[in-house]
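Remarks on the structure that follows.
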Amino acid sequence: MKSVVVDQEECIGCGACVDTAPDVFEMNDDNKAEVYGKVTEDNQEEVDEAIDTCPASAISWE
Ligand code: F3S
């Protein structure tokens, strides 16, 4: 399965990715999103959606 990354420099902490794919992304203490969960067949579409909706284009497949 592919893996996904959040560019900590680009993330503006909007939180949309956590709403869209809560089992993959979480907010850290700096109010930036981090990948904490594994991408699976079940949540892969949510990750794609998070990539599309992130206003900072901070999320990408690795
Ligand atoms: Fe950050 Fe984009 Fe998520 S701005 S909190 S990576 S939707």
Side-chain angles (χ1 to χ4, degrees):
M1 194 55 65
K2 325 188 248 190
S3 55
V4 64
V5 287
V6 176
D7 185 331
Q8 300 292 296
E9 303 284 306
E10 297 294 329
C11 175
I12 55 170
C14 86
C17 56
V18 177
D19 289 339
T20 308
D23 52 351
V24 176
F25 302 103
E26 68 179 358
M27 302 308 288
N28 65 21
D29 291 343
D30 297 327
N31 201 36
K32 308 263 184 182
E34 266 179 21
V35 177
Y36 81 101
K38 276 205 163 56
V39 179
T40 65
E41 293 205 0
D42 289 337
N43 64 27
Q44 155 165 244
E45 273 183 31
E46 293 175 0
V47 174
D48 265 325
E49 197 179 323
I51 289 172
D52 286 346
T53 54
C54 174
S57 301
I59 312 169
S60 55
W61 291 114
E62 207 171 30

Across all chains, not counting sequence neighbours, the side-chain hydrogen bond (donor to acceptor under 3.5 Å, both in side chains) partners of S60 are none
So, taking the atom named [atom1] in [X] and the one named [atom2] in [Y], what distance separates them when rounded to the nearest 0.5 Å?
X: E46; Y: T53; atom1: CD; atom2: OG1; result: 11.0 Å
X: D42; Y: D23; atom1: CG; atom2: CG; result: 8.5 Å
X: D7; Y: K32; atom1: CG; atom2: NZ; result: 9.0 Å
X: E49; Y: T20; atom1: CD; atom2: OG1; result: 5.5 Å

Closest heavy-atom pair, I59 versus A50, reported as atoms and distance to 0.1 Å, is CD1-O, 3.7 Å
Note to self: So does A33 get a backbone contact from the side chain of Q8, meaning a donor-acceptor N/O pair under 3.5 Å?
What the structure shows: yes
Practice problem: Please check if the side chain of N43 supplies one atom and the backbone of K38 the other of a donor-acceptor pair under 3.5 Å. | Solution: yes
Item to check | Working for side-chain contact (heavy atoms from CB on, under 4.5 Å), residues V24 and Y36 | outcome: CA-CA 6 Å; V24 176; Y36 81 101; 5.8 Å; no
Heavy-atom count around E26 CD within 6.0 Å, excluding the residue itself: above 12? yes
Margin query: Walk me through whether C17 and V6 qualify under side-chain contact (heavy atoms from CB on, under 4.5 Å).
Written below: CA-CA 10 Å; C17 56; V6 176; 5.6 Å; no
| query | Can V5 and V35 be said to form a side-chain contact (heavy atoms from CB on, under 4.5 Å), step by step? | reply | CA-CA 7 Å; V5 287; V35 177; 5.6 Å; no
